[in-house]
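Here, residue 1 is the first one in the sequence, and each next residue gets the next number.
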Amino acid sequence: NGANKTLAEMQALGHETASQESITPLFVNESEFDFNLTSSSPLRAANVLQSVYAEFTTRYPTRTPINVDMFGVARPAGGTWDIGAVEYNA
């Protein structure tokens, strides 16, 4: 319904199992505004469900697709989705 949900409500729906607020993203170089993910970033392959993508495209069919990152790299790379605007690219 588009309402904000608590972490517990999201977990009950089968989404994330831990708060992402406590995760250090491990960007390449935050101080230089390079928000690409490092190879050891916990945001890589964070298992965003394909159902999330399906729901987004159903609700917003005319919006920018989320199956590519901000640089046009196909998502998910390697079978599972990364969290953030940039898909990890070795």
Side-chain angles (χ1 to χ4, degrees):
N1 66 8
N4 292 330
K5 294 188 177 0
T6 66
L7 176 61
E9 291 168 328
M10 294 299 288
Q11 289 171 332
L13 293 170
H15 299 292
E16 296 298 324
T17 58
S19 171
Q20 295 173 357
E21 293 176 15
S22 63
I23 294 175
T24 301
L26 299 177
F27 295 124
V28 170
N29 191 340
E30 232 175 303
S31 64
E32 294 293 322
F33 305 103
D34 183 348
F35 297 109
N36 286 288
L37 303 177
T38 62
S39 62
S40 57
S41 172
L43 303 182
R44 287 188 55 220
N47 295 322
V48 175
L49 303 175
Q50 289 290 344
S51 60
V52 172
Y53 173 69
E55 179 70 20
F56 181 89
T57 56
T58 299
R59 287 185 185 210
Y60 310 105
T62 61
R63 296 276 168 79
T64 301
I66 60 173
N67 64 335
V68 293
D69 73 5
M70 64 184 282
F71 298 114
V73 175
R75 305 179 98 162
T80 54
W81 291 68
D82 297 341
I83 295 174
V86 181
E87 188 76 3
Y88 175 75
N89 192 2

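- Applying the side chain to side chain contact (heavy atoms under 4.5 Å, CB included) rule to Glu30 yields the partners Phe27, Phe35; only residues at least two apart in sequence or on another chain are considered.
- Put simply, Ile83 and Phe71 are part of two different groups of oily side chains (I, L, V, M, F, W, Y) that touch within less than 4.5 Å, one to the next.
- Between Arg75 and Val68, the closest heavy-atom pair is CD-C, 3.6 Å.
- Remark: Asn89 engages Val73 in a side chain to side chain contact (heavy atoms under 4.5 Å, CB included) (not counting sequence neighbours).
- The side chain to side chain contact (heavy atoms under 4.5 Å, CB included) search around Ser31 returns Asn29, not counting sequence neighbours.
- Remark: Thr57 pairs with Tyr53 by the side chain to side chain contact (heavy atoms under 4.5 Å, CB included) rule, at least two apart or across chains.
- Of the inter-residue distances, the one linking Asp82 atom CG with Glu87 atom CD reads 4.0 Å to the nearest 0.5 angstrom.
- In the hydrophobic clustering of this structure, Tyr60 groups with Trp81; members are Ile, Leu, Val, Met, Phe, Trp, Tyr whose side-chain heavy atoms approach within less than 4.5 Å, directly or through other members.
- Every residue two or more places apart in sequence or in another chain was checked for a ring-ring contact (aromatic ring centres under 6.0 Å, His included) with Tyr88, and none qualifies.
- Between the side chain of Arg44 and the main chain of Ser39, a donor-acceptor pair closer than 3.5 Å is present.
- The closest side-chain heavy-atom distance from Pro42 to Leu26 is below 4.5 Å.
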